[in-house]
Amino acid sequence: MSESPDQQPVAALIILAAGAGTRMKSRKSKVLHEVAGRSMLGWAVHAANGVHPQRLSVVVGHLAEQVSEYLHEFAPEATTALQAEQHGTGHAVKCGLDPMGEFSGEVVVTYGDVPLLSAETLQALVSEHRTAANAVTVLTARVPDPTGYGRIVRDASGRIVEIVEDRDADESQKQIDEINSGIYVFDAELLRAGLAQLGSSNAQGEQYLTDVLGYAVSRDLPVGGYVTEDPWETEGVNDRQQLARLDHEANRRQLVRWMKAGVTIVDPLSTRITADVGLGIDVTLQPGTILSGATTVGDGAEIGPDTRLHDTEVGAEASVIRTEANLAVIGERAVVGPFTYLRPGAELGTGAKAGAFVEVKASTIGEGAKVPHLSYIGDTTIGERANVGAGTIVANYDGVAKHRTLIGKASFIGCGTTLIAPVEVAAGTYIAAGSTITEAVPAGDLGVARGRQRNVEGWVAKRRAGTRTAAAAEEAASGSSPVGE
């Protein structure tokens with residue numbers, strides 16, 4: 001079956017990402033700042049993929065090495081074109097187009113700092129371009145305050161005849177509320193010809209890409225526009241305030257999408273879900289929940305309050321309360337928290353528990369096993385149905401290397417135990433409370449490793465005379481309750 005015209009790829013797509021972004025006041029390229037957990041350039045590439053470009057070029061300039069390195073990891077299919085000096089959008093498109101060589105077809109131009117532009121809107125723009133057989137089609141929007149944007153000037157028939165930059169607009173043109181997004185579809189041949197004749201006789205002395213549209217109008221070639229119903233998709237980011245504004249809107253859209261998909265979000269104002277998170281049905285997110293990276297949450301699980309999970313897998317029906325987790329796996333019906341820290345490599349089996357004030361790193365807690373409270377578990381494998389008492393510490397680091405500990409299934413570790421790795425506690429064993437275990441404990445044995453208690457008679461009276469402790473001891477010795485009740 002052949003592709004429909006709307007599904008056919010465009011010949012090329014150019015993302016402009018060379019600007020200095022000085023108002024961000026950052027050592028990081030503006031386009032690498034994140035919105036909803038993904039860089040703005042990442043959003044631009046994501047939208048671009050919606051029109052299946054045969055050639056994808058990103059024009060870089062300021063902090064070009066940072067941007068190129070990011071693209072190498074995030075979008076290896078993209079090529080970079082250097083705009084060493086920024087002389088306007090027309091000049092930038094020249095830089096992006098030149099390395100592509102000769103080709104025919106459509107060229108889409110977008111920006112690396114317009115993070116809410118969607119693949120669907122780009123598809124609609126390309127579809128309009130094809131349906132109308134335009135030489136140029138521009139994405140436009142109607143906004144309450146067009147200040148700062150280029151204005152779309154139409155003739156009496158509604159045909160686009162000019163785009164006037166805000167700084168060059170006269171008073172009547174400044175009243176126009178239809179604005180230019182800067183996002184276009186061009187016929188490749190027309191684009192090359194228009195770029196070749198660009199001048200810089202404007203307020204900024206730059207080569208404007210909008211003048212290519214004027215070039216098409218002067219030759220009576222069809223120029224059209226697609227008006228998006230969502231002006232957010234045309235908004236760019238130039239400073240931290242705008243970044244926060246668009247990030248807030250992107251997060252709001254994520255929350256709405258998940259609530260429509262069957263997720264309960266108790267307090268949307270305090271909940272964040274980034275772009276690549278996956279959630280099952282009947283998930284409940286309590287206030288103060290932050291889910292980021294490749295985190296997934298299974299059906300019926302409850303997360304929060306006050307929980308942050310990054311790149312973490314949570315199984316169905318699990319409960320995760322007041323927890324920080326990164327690169328962890330939480331099994332079905334597992335219970336985590338409150339005040340729990342799951343570091344990379346932490347893995348809880350089905351029905352396992354990591355309770356209050358427990359830290360787990362590079363360790364597996366087996367099915368039904370429990371570490372209920374006040375423990376550190378590092379580089380450890382805990383067998384199914386084992387119980388680790390309060391205050392247990394796995395001493396896994398000797399100052400040079402990390403060592404592993406094995407706790408066998410159905411074993412019982414008494415409170416206040418220290419396990420000095422490497423050590424193995426076999427299945428079905430008990431460790432007496434307060435022990436420091438340095439040697440293997442065979443199956444079925446009781447491990448005891450603690451000094452025998454001795455009481456030094458009269459020590460307080462001799463060594464702490466005159467203190468309130470000595471007074472209490474004297475009172476107890478006279479016949480009142482030994483605990484002073």
Side-chain angles (χ1 to χ4, degrees), residues 9-19 31 40-41 43-61 67 71 75 78-83 86-100 103-119 121-130 134-141 149-150 152 160 163 165 179-198 206-217 221 223-226 228 233-236:
V10 299
L13 190 144
I14 300 171
I15 300 173
L16 305 185
V31 298
M40 291 192 286
L41 182 55
W43 283 112
V45 171
H46 180 75
N49 288 336
V51 294
H52 314 292
Q54 294 173 327
R55 303 164 184 82
L56 176 59
S57 175
V58 178
V59 180
V60 299
V67 180
L71 287 169
T79 59
T80 57
L82 179 64
Q83 185 187 24
Q86 282 73 61
H87 297 304
T89 51
H91 177 250
V93 171
K94 278 184 182 179
C95 293
L97 194 61
D98 287 347
M100 293 185 181
F103 65 91
S104 60
E106 300 141 338
V107 180
V108 179
V109 177
T110 70
Y111 291 83
D113 61 355
V114 186
L116 296 189
L117 176 66
S118 67
T121 294
L122 272 188
Q123 291 164 358
L125 176 66
V126 171
S127 178
E128 173 66 22
H129 181 82
R130 291 170 176 171
N134 288 331
V136 185
T137 307
V138 55
L139 179 67
T140 75
Y149 288 95
I152 300 295
I160 295 177
I163 299 176
E165 296 295 329
I179 57 97
N180 172 30
S181 69
I183 297 163
Y184 303 89
V185 184
F186 294 98
D187 172 77
E189 184 177 348
L190 175 278
L191 178 60
R192 290 193 191 93
L195 291 173
Q197 55 76 52
L198 285 182
E206 295 183 346
Q207 297 178 7
Y208 289 156
L209 185 58
T210 51
D211 289 342
V212 176
L213 182 145
Y215 175 81
V217 170
L221 296 172
V223 176
Y226 175 77
T228 176
E233 294 202 36
T234 67
E235 288 209 26

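All residue numbers in this chain count up from 1 along the given sequence.
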Problem - Under the salt bridge (Lys or Arg N to Asp or Glu O under 4.0 Å) test, residues paired with Glu233 that sit two or more places apart - result: none
Exercise for the section: Would you give the length of the straight line joining atom OH of Tyr111 to atom CD1 of Ile14, rounded to the nearest 0.5 angstrom? Expected result: 11.0 Å
Practice task
May I ask you to decide if Gly50's main-chain N or O and Gln123's side chain share a donor-acceptor pair within less than 3.5 Å?
Solution key: yes
Problem - Any Leu122 side-chain heavy atom under 4.5 Å of Val108 side chain - result: yes
Exercise for the section: Identify the two heavy atoms, one from Ala216 and one from Leu190, that lie closest to each other, and give their separation to 0.1 Å. Expected result: CB-CD2, 4.1 Å
Handout entry: Side-chain heavy atoms of Val185 within contact of Val136, under 4.5 Å
Key = no
Handout entry: Listed partners of Ser181 passing side-chain contact (heavy atoms from CB on, under 4.5 Å), at least two apart
Key = Leu139, Ile183, Thr234
Practice task
Please answer whether the main-chain N or O of Leu209 pairs with a side-chain N or O of Thr89 as donor and acceptor at a distance below 3.5 Å.
Solution key: yes
Exercise for the section: Determine yes or no for a side-chain-to-main-chain donor-acceptor pair under 3.5 angstrom, with Gln197 supplying the side chain and Gly194 the backbone. Expected result: yes
Handout entry: Least distance between heavy atoms, Ala141 atom then Thr228 atom
Key = CB-CG2, 3.8 Å
Problem - Partner set under side-chain contact (heavy atoms from CB on, under 4.5 Å) for Thr80, not counting sequence neighbours - result: Val60, Ser68, Leu71
Handout entry: Partner set under side-chain contact (heavy atoms from CB on, under 4.5 Å) for Gln54, not counting sequence neighbours
Key = Pro9, Ala11
Exercise for the section: Quick one: closest heavy-atom pair of Ala75 and Val45, and the distance? Expected result: CB-CG1, 3.9 Å
Problem - By side chain to side chain donor-acceptor pair (under 3.5 Å) - contacts of Thr140 (at least two apart) - result: Glu178
Problem - Nearest heavy atoms of Leu198 and Gln207, plus distance in Å - result: CD1-CB, 4.0 Å
Problem - Side-chain heavy-atom pair Ile163, Ile152 within 4.5 angstrom cut-off - result: yes
Completion exercise
Rounded to the nearest 0.5 Å, the CG atom of Leu13 sits from the CD1 atom of Ile15 at a distance of 5.5 Å
Handout entry: Closest non-hydrogen atom pair, Tyr226 against Thr137
Key = N-CG2, 4.2 Å
Exercise for the section: Just jot down the salt bridge (Lys or Arg N to Asp or Glu O under 4.0 Å) partners of Asp113, sequence neighbours excluded, or say none. Expected result: Lys30
Practice task
Return the minimal non-hydrogen interatomic distance between Ala17 and Val58, and the atom names on each side.
Solution key: CB-CG1, 3.9 Å
Practice task
Using the test side chain to side chain donor-acceptor pair (under 3.5 Å), find all partners of Asp187 that sit at least two apart in sequence or belong to another chain.
Solution key: none
Exercise for the section: Begin from the C-alpha positions of Leu16 and Thr110 and carry the test side-chain contact (heavy atoms from CB on, under 4.5 Å) through to its verdict. Expected result: CA-CA 6 Å; Leu16 305 185; Thr110 70; over 6 Å; no
Practice task
Kindly write out the residues that satisfy side-chain contact (heavy atoms from CB on, under 4.5 Å) with Ala188, not counting sequence neighbours, or none if the list is empty.
Solution key: Phe103, Val107, Arg192
Would you tabulate the side-chain donor-acceptor contacts of residues 90-100 under 3.5 Å, counting partners in other chains and residues two or more places apart, or write 'none'?
| unit_1 | atom_1 | unit_2 | atom_2 | d |
| --- | --- | --- | --- | --- |
| His91 | ND1 | Gln83 | NE2 | 2.9 |
| His91 | ND1 | Glu85 | O | 3.4 |
| Lys94 | NZ | Leu195 | O | 3.2 |

Handout entry: Listed partners of Tyr215 passing side chain to side chain donor-acceptor pair (under 3.5 Å), at least two apart
Key = Arg219
Practice task
Report the residues that fulfil ring-ring contact (aromatic ring centres under 6.0 Å, His included) with Tyr184, sequence neighbours left out, ordered by chain and then residue number.
Solution key: Phe186
